[in-house]
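To start, the structure under review is shown below, and the notes come after it.
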Amino acid sequence: MVLSQMTTGSTMPRRRLGRNLRDLRTRARMTTRTAARQLEWSEAKIWRIETGQTSLRSLDVEAMCKVYGAPADVVAPLAALAKETKARGWWTAYTDVVAEGFDIYIGLEEAARQLAGYEADLIPGLLQTEAYTRALLRTARPAAGATEIERRVELRRTRQSLLTRPGAPLRLDVVIPEAVLRHRVGGPEVAAEQLDHLRRICDLPTVRLRVIPAGSDYHAGMETSRFAILEFPADGTTAPEPPVVYVETFTGPVYLDKEADFARYRAAFADIASAAVDARELLDDAVTALA
């Protein structure tokens, strides 16, 4: 698949619409409980709408705008935006292998112009070779059949094409501990191929991979779990969508979009990166250690 030929889906329209509707409700000084009561909906539905997790009909948007007392010139653009929330992204073809909630991340990743992140235990997914991914999946999902594993590999391979997307490749800035380079995932041959791949991908002008040397002093990554900070481009008519922080927890993904959360994770990433060096400085040592 070529990303430039795919549908971008509804993730960003849903987020934009939800943020605008939340702003209207806030300006009306209305709680989600009050809004839900007046619309005869559940509070959970209001929350899903405002966090961009569900599509919406134009009629529903008009009803919300009426309850919130929105100006007439605001209603039509939001109702039009509601139609975009029903678009299907390319990743919907992989719903059988996409974990619950992760489809939101894929949509955000596809729309992002820049991703900065920390991965504590594994090579980041966007930088994995197919053999490394297969080895991980066979270990993490022993009950998965060959077809499921290949579907998951294909999904990851398609995501990786963001790094070479024509015209607007994703700018990737990630940090990992040195120990990640030393893991023999899949055995020595698979691990060696993965390290060679990292050498090559470090030559891409849009990819920056840094490594925290073993024995380093304290850094913020020792307290955070893995996370990714996604930032988005302006579309030419509106301001960029606010950044999103993706945090992967044992019970599922968490998406943070408050300015205070972004600032805190941005500071954490800066602290983590300050303890790291260019990956190429340590890749040769890691290759030697495999021998």
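Computed from heavy atoms alone, side chains included, the values below leave out hydrogens, waters and symmetry copies.
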* Asked: How about E109 and W91: do any of their side-chain heavy atoms sit closer than 4.5 Å?
  -> no
* To do: Kindly indicate whether the side chain of Y105, heavy atoms from C-beta on, has any atom under 4.5 Å from the side chain of R159.
  => yes
* Is any side-chain heavy atom of R134 less than 4.5 Å from a side-chain heavy atom of E150? -> yes
* Keeping the roles fixed (side chain from T31, backbone from T34), state whether a donor-acceptor pair exists under 3.5 Å. => yes
* Any side-chain heavy-atom pair of R15 and M12 under 4.5 Å -> yes
* For the pair Y255 and Y246, evaluate ring-ring contact (aromatic ring centres under 6.0 Å, His included) and give the outcome as yes or no after the intermediate values. => CA-CA 5 Å; Y255 299 93; Y246 166 81; 5.5 Å; yes
* To do: Decide, yes or no, whether a salt bridge links E50 with R25 under the criterion of side-chain N to carboxylate O below 4.0 Å.
  => yes
* Looking only at heavy atoms, which two atoms of Y118 and H219 are closest? And how far apart? -> OH-CE1, 3.7 Å
* Verify whether one side chain among E193 and Y132 offers a donor that lies under 3.5 Å from an acceptor in the other. => no
* Asked: Within a reach of under 6.0 Å around CZ of R19, are more than 12 heavy atoms found that belong to other residues, nucleotides or ligands?
  -> yes
* pair Y94-I106: side-chain heavy atoms closer than 4.5 Å -> no
* Is any side-chain heavy atom of C65 less than 4.5 Å from a side-chain heavy atom of L78? -> yes
* For residues V67 and Q38, report the shortest heavy-atom separation together with the two atoms involved. => CG1-OE1, 3.6 Å
* Asked: Is L127 close to L209 at the side-chain level, that is, under 4.5 Å between some pair of heavy atoms?
  -> yes
* Asked: What pair of heavy atoms forms the shortest contact from T11 to G107, and how long is it?
  -> OG1-CA, 3.3 Å
